[in-house]
Amino acid sequence: MTREHQGETRGWAAARKGVWSWLRFTSLRLRLVLVFGLVALTAAVSASGIAYWLNREAVLTRTQDAVLRDFEQEMQNRAGALPEHPTQDELQHTAGQMANSSQRFGVLLAAENAAGETVYGSSGGLGGFALSDVPESLRTAVNKEQKVTSANKHAYHLYWQRTSDDGTPYLVAGTRVIGGGPTGYMLKSLEPEAKDLNSLAWSLGIATALALLGSALLAQALATTVLKPVHRLGVAARRLGEGKLDTRLRVSGTDELADLSRTFNSAAENLEKRVADMAGREQASRRFVADMSHELRTPLTALTAVTEVLEEELEYEGEGEGGSFDPMVEPAVRLVVSETRRLNNLVENLMEVTRFDAGTARLVLDDVDVADQITACIDARAWLDAVDLDAARGIHARLDPRRLDVILANLIGNALKHGGSPVRVSVTRADDEIVIRVRDHGPGIPEDVLPHVFDRFYKASASRPRSEGSGLGLSIAMENAHIHGGGITAENSPEGGAVFVLRLPQDPSPPVDDDAGDGAHGGDGEGSAGDGSRGKDAKGRT
């Protein structure tokens, strides 16, 4: 695939992603457009409907009133001039004259001739306007004689009705000549008015569509105006979350979004100051611990030399070859030897922790046989009788042997101190990982302590804050696992006892430091780089 094709593919994918994010219903832009569109559609449809209805009534009423007024006048002037018993020819002639009025409507006249027969005269001839075209209800109303009163001065009135024939609207009206005479019916086509109303409806529909389109464009423009600052705020918040504390927003205007940008800038500035202050304090604290540890090493070296002499003297006296210690002083001497060793381990652990915190700890990788490494760790501490090893030879990995020894010494020593024998260590390979399980047969770890077993200086019981170790062993073991790209988990076995699972990649390939003597100590009988303390044992010790 060429570079140009890859660029086009990425561009198309980005565009498709942008369109999809715009079309998502959860998109604020889409919701703004939809809301604006619905509001505009509702307003336009309502306005168009009201306008159409008002214009329709106005057009039909105006046309209807003009036609009825003209028809009523023609009935009085022309039909009223007919004799009492007109002939069909006379009715035909008069109907034709009435139809030629300005309104151009069809006319049908009905009357009795001299022989008492009902004769009809239509403006359209025999095939024109007929009595069957008049609704029965209208004929009944027209021919019904009403009582003449002071409120009703005429026995017959003009009646009208709107009908439709094959989709064409018509106005039908009928009346009788006041004072006696023929009955007349009128038929007026309202098709021109209907066409005008249809044109009006189309115009209103087009106006509604244009209003909807305009509202969508307006909503899009408004959404862009409103959401652009929100998008910038989101990008700035992500940058701030990534640790770029110098991120600031450009503030323009005096609206609510500008106030929001100012608030964000103020919060980012305060956060930057607080983080800088905390970083300074943390760095000073680390420097203090490192300096203190280094300063303690000189007197501890002298104390360690003295305690070694005292320890040899105690062993010499214990063999019965005579000694110089008073029986009252001997317990104090043993306490000094024990506490000096413990203080020395604590200082070494603190120095190792400061290396991890400062980011100066590095790996010195080598191709090692994991089973041989575990055997060497156990043998160096004389744990062969207390540890059951289940590890096949030939499982190789690129690891830092010294740091792996630190991890194993802490986990196994921790299991021996606070768990119960025998401690079982097994090694397996899973994908590209080396999995080492350390299981004891003790009481296990309390559930409330389990999440904190890798915390520094964690004490499971405040009433027994002192333990044989420094409280840093498992924390240092976890840090050594992390620097390899792995990790350690702790859990309780269903069969009883605690299980620590160490997972390390076979080839971590991290930055390598050729300086193997970085000051981190190796292993000793105490568990190296830690004291092997874990959680809480049956006595509540942490």
Side-chain angles (χ1 to χ4, degrees), residues 349 352-378 380 387 389-415 419 423-440 445 450-456 458 471-493 498-514 516 518 520-523 527-535:
N349 289 340
E352 182 76 354
V353 167
T354 57
R355 293 188 188 94
F356 285 117
D357 290 343
T360 59
R362 294 292 183 269
L363 292 178
V364 181
L365 297 177
D366 193 9
D367 189 7
V368 300
D369 187 304
V370 179
D372 290 345
Q373 188 69 25
I374 298 176
T375 302
C377 174
I378 297 173
V387 177
L389 179 60
D390 180 15
R393 302 177 65 87
I395 300 179
H396 292 266
R398 283 184 56 78
L399 302 170
D400 187 329
R402 182 185 60 80
R403 295 190 181 277
L404 178 59
D405 182 82
V406 170
I407 299 173
L408 295 172
N410 276 286
L411 296 181
I412 300 174
N414 189 70
V423 173
R424 181 178 178 81
V425 180
S426 61
V427 180
T428 57
R429 178 183 294 160
D431 297 332
D432 295 331
E433 287 185 334
I434 301 298
V435 181
I436 302 175
R437 287 180 172 82
V438 179
R439 179 193 170 191
D440 60 51
I445 307 173
L450 199 57
H452 306 285
V453 294
F454 297 103
D455 295 350
R456 297 176 182 176
Y458 178 74
L472 293 172
L474 289 181
S475 175
I476 292 176
M478 179 66 82
E479 294 290 351
N480 279 299
H482 284 168
I483 200 173
H484 279 88
I488 308 174
T489 58
E491 59 185 11
N492 289 316
S493 174
V499 180
F500 283 81
V501 181
L502 169 65
R503 296 180 182 273
L504 297 175
Q506 285 190 271
D507 188 3
S509 299
V512 178
D513 188 357
D514 293 333
D518 62 355
H521 60 293
S528 172
D531 52 25
S533 62
R534 178 205 69 201

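We number each residue from 1, following the sequence as shown.
- S493 is linked by a side chain to side chain donor-acceptor pair (under 3.5 Å) to E495, counting only residues two or more places apart in sequence or in another chain.
- Here the closest heavy-atom approach between residue A392 and residue A371 is recorded as O-CB, 3.8 Å.
- Annotation: side chain of V423 is in contact with side chain of V438 (closest heavy-atom distance under 4.5 Å).
- Under a 3.5 Å cut-off, the side chain of D400 and the backbone N or O of V364 do form a donor-acceptor pair.
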Verdict with supporting geometry, R403 and I483, side-chain contact (heavy atoms from CB on, under 4.5 Å): CA-CA 9 Å; R403 295 190 181 277; I483 200 173; 4.2 Å; yes
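- Looking at residues two or more places apart in sequence or on another chain, you find a side-chain contact (heavy atoms from CB on, under 4.5 Å) between P505 and P508.
- Counting heavy atoms from C-beta outward, V501 and I488 have side chains that stay 4.5 Å or more apart.
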Verdict with supporting geometry, I445 and F500, side-chain contact (heavy atoms from CB on, under 4.5 Å): CA-CA 11 Å; I445 307 173; F500 283 81; 4.0 Å; yes
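- Smallest separation of non-hydrogen atoms from A391 and V427: CB-CG2, 3.6 Å.
- D432 CG: 12 or fewer foreign heavy atoms inside a 6.0 Å radius.
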Worked check of side-chain contact (heavy atoms from CB on, under 4.5 Å) between L404 and L504: CA-CA 10 Å; L404 178 59; L504 297 175; 3.9 Å; yes
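- For D372, the salt bridge (charged side-chain N to carboxylate O under 4.0 Å, His left out) partners two or more places apart in sequence, or in a different chain, are R393.
- Every residue meeting the salt bridge (charged side-chain N to carboxylate O under 4.0 Å, His left out) condition with D390, not counting sequence neighbours, appears here in chain and number order: R424.
- Residues satisfying the salt bridge (charged side-chain N to carboxylate O under 4.0 Å, His left out) test with R429, not counting sequence neighbours, are none.
- Within the 4.5 Å cutoff, no side-chain heavy atoms of R398 are placed close to those of V368.
- Separation of atoms CG (D455) and CG (L474) is listed at 10.0 Å; rounding is to 0.5 Å.
- I436 CD1 to I374 CD1: the interatomic distance, rounded to the nearest 0.5 Å, is 4.0 Å.
- Considering all non-hydrogen atoms of both residues, A397 and V370 come closest at CB-CG2, 4.4 Å.
- Atom CG of N480 is separated from atom CG of L399 by 11.5 Å, given to the nearest 0.5 angstrom.
- A donor-acceptor contact shorter than 3.5 Å is absent between the side chain of D369 and the backbone of H396.
- Taking NE2 of H484 as the start and CG of L365 as the end, the distance is 6.5 Å to the nearest 0.5 Å.
- Here the closest non-hydrogen pair linking V435 and A430 is CG2-CB, 4.1 Å.
- One finds the CG atom of L502 at 10.0 Å from the CD1 atom of I434 (value rounded to the nearest 0.5 Å).
- In this structure, the salt bridge (charged side-chain N to carboxylate O under 4.0 Å, His left out) partners of R503, at least two apart in sequence or on a different chain, are E433.
- With values rounded to the nearest 0.5 angstrom, F454 atom CZ is found 7.0 Å from T489 atom OG1.
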Step-by-step side-chain contact (heavy atoms from CB on, under 4.5 Å) determination, I476 to I407: CA-CA 8 Å; I476 292 176; I407 299 173; over 6 Å; no
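- Proximity of a side-chain donor or acceptor of Q373 to a complementary backbone N or O of P401 within less than 3.5 Å is detected.
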